[in-house]
Amino acid sequence: MVDESHLKIGRVVARQFVGKTPSDFKLTDNRHDFAILPKANTVLDLLAENHTPVSGIGMVNDLFSGRGIENRIQIHNKQSGFCKFLETMETQSIGLIFADLGNLDKYGHARDPQGYGIELMRIDSQLKEIIEKMTPTDLILITVDHGNDPTFKGFDHTRESVPLIVASPPMRMAIN
């Protein structure tokens with residue numbers, strides 16, 4: 001129905017809340033994204049056409065409606081996503097591992113700077129473990145899809161620039 005509306009809606013996000021009244025509503029981690037299929041081929045499609053393995057961990061599968069993703073790995077929370085990422089690094093020697101490892105959006109929408117900071121430190125400590133397991137041919141790209149400043153007013157996404165962090169073992173050796 002959304003696809004036929006001509007409103008150019010890319011996806012509908014279904015999030016569950018708990019609580020009895022609006023003043024005590026809290027978001028749960030139980031979420032499902034219903035995405036419109038991409039109108040053109042994506043990089044994931046190109047990789048699939050060239051028989052390059054693509055693993056999607058967590059909500060990544062929802063964002064692309066599973067298209068171009070060979071190995072769809074469901075998770076129960078962000079910590080299990082990190083564990084699945086490490087497991088996939090061990091079993092998949094080539095290709096792309098595409099994962100959502102953070103929960104900053106949850107704390108940004110709640111305007112919870114302390115929770116946001118704790119989550120950022122959790123992600124940072126986990127990245128160290130990922131980087132230590134990287135082989136010389138691995139490349140890691142880290143970015144986000146939008147800002148969500150926990151100190152900003154309101155509940156919507158904020159529009160600051162987002163980072164792109166790129167690392168690989170050869171880069172580390174070049175810096176030393």
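Keep in mind that the numbers below use all heavy atoms, side chains included, and drop hydrogens, waters and symmetry copies.
- In this structure, H51 NE2 and E70 CD are separated by 10.5 Å, a value rounded to the nearest 0.5 Å.
- Between the CG atom in D124 and the CD atom in E119 there is a gap of 11.5 Å [rounded to 0.5 Å].
- Counted by atom type alone, Q92 and N71 present zero donor-acceptor pairs between their side chains at under 3.5 Å.
- A distance-only check finds no donor-acceptor pair linking the side chain of D112 to the backbone of G108 [under 3.5 Å].
- Taking 4.5 Å as the limit, some side-chain heavy atom of E49 sits within range of a side-chain heavy atom of N41.
- Under the 4.5 Å side-chain contact rule for hydrophobic residues, L63 and V12 do not share a cluster.
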Please test Y116 against L104 for side-chain contact (heavy atoms from CB on, under 4.5 Å), starting from the C-alpha separation and ending with a verdict. CA-CA 6 Å; Y116 193 97; L104 295 171; 3.7 Å; yes
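- Rounding to the nearest 0.5 Å places CG of L127 at 7.5 Å from CD1 of I165.
- With S55 contributing its side chain and I97 its backbone, the two residues share no donor-acceptor pair below 3.5 Å.
- Closest approach of T42 and R67 over heavy atoms only: N-NH2, 4.2 Å.
- Checked by atom type and distance alone, the side chain of T52 never pairs as donor or acceptor with a backbone atom of A48 at under 3.5 Å.
- Both I140 and I123 are assigned to one and the same hydrophobic cluster, defined by single-linkage of ILVMFWY side chains at heavy-atom distances under 4.5 Å.
- No continuous path of ILVMFWY side-chain contacts below 4.5 Å connects L37 to M59, so the two sit in separate hydrophobic clusters.
- Remark: Q114 CD is loosely packed, at most 12 non-hydrogen atoms of other residues, nucleotides or ligands lying under 6.0 Å away.
- With contacts defined as side-chain heavy-atom distances shorter than 4.5 Å, the pair T143/V162 qualifies.
- For L96 against L47, the heavy-atom pair with the smallest separation is CD2-CD1, 3.8 Å.
- A single hydrophobic cluster is seen to contain both V43 and I69, as judged by linkage of ILVMFWY side chains at heavy-atom distances under 4.5 Å, directly or through other members.
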I130 and F82: side-chain contact (heavy atoms from CB on, under 4.5 Å), yes or no, with the steps? CA-CA 9 Å; I130 290 170; F82 173 72; 3.7 Å; yes
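- Across every non-hydrogen atom of A35 and S65, the tightest pair is O-OG, 2.9 Å.
- Between F34 and A14, the shortest heavy-atom distance links the atoms CE1-CB, 4.0 Å.
- Using a 4.5 Å heavy-atom threshold, the side chains of H157 and H109 count as touching.
- Scanning both residues, F85 and A99, for their nearest heavy atoms gives CD1-CB, 3.7 Å.
- Taking 4.5 Å as the limit, every side-chain heavy atom of I73 sits out of range of all side-chain heavy atoms of E87.
- Listed here is the closest heavy atom pair of D138 and S168: O-CB, 3.0 Å.
- In the hydrophobic clustering of this structure, I118 does not group with L120; members are Ile, Leu, Val, Met, Phe, Trp, Tyr whose side-chain heavy atoms approach within less than 4.5 Å, directly or through other members.
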Can you list the steps and then say if K133 with E90 is a side-chain contact (heavy atoms from CB on, under 4.5 Å)? CA-CA 9 Å; K133 292 186 180 282; E90 296 288 327; 4.0 Å; yes
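- Side-chain atoms of R111 and N148 include a donor-acceptor pair closer than 3.5 Å.
- Annotation: the span from K84 atom NZ to M89 atom CE amounts to 16.0 Å, rounded to 0.5 Å.
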Let's go through I57 and R72 carefully: what are the C-alpha distance in whole Å and the side-chain angles of both, what is the deciding distance for side-chain contact (heavy atoms from CB on, under 4.5 Å) to 0.1 Å, and is it a yes or a no? CA-CA 6 Å; I57 300 173; R72 297 176 182 103; over 6 Å; no
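- Between the side chains of D149 and T151, at least one donor N or O lies within less than 3.5 Å of an accepting N or O.
- H146 NE2 to S161 OG: the interatomic distance, rounded to the nearest 0.5 Å, is 14.5 Å.
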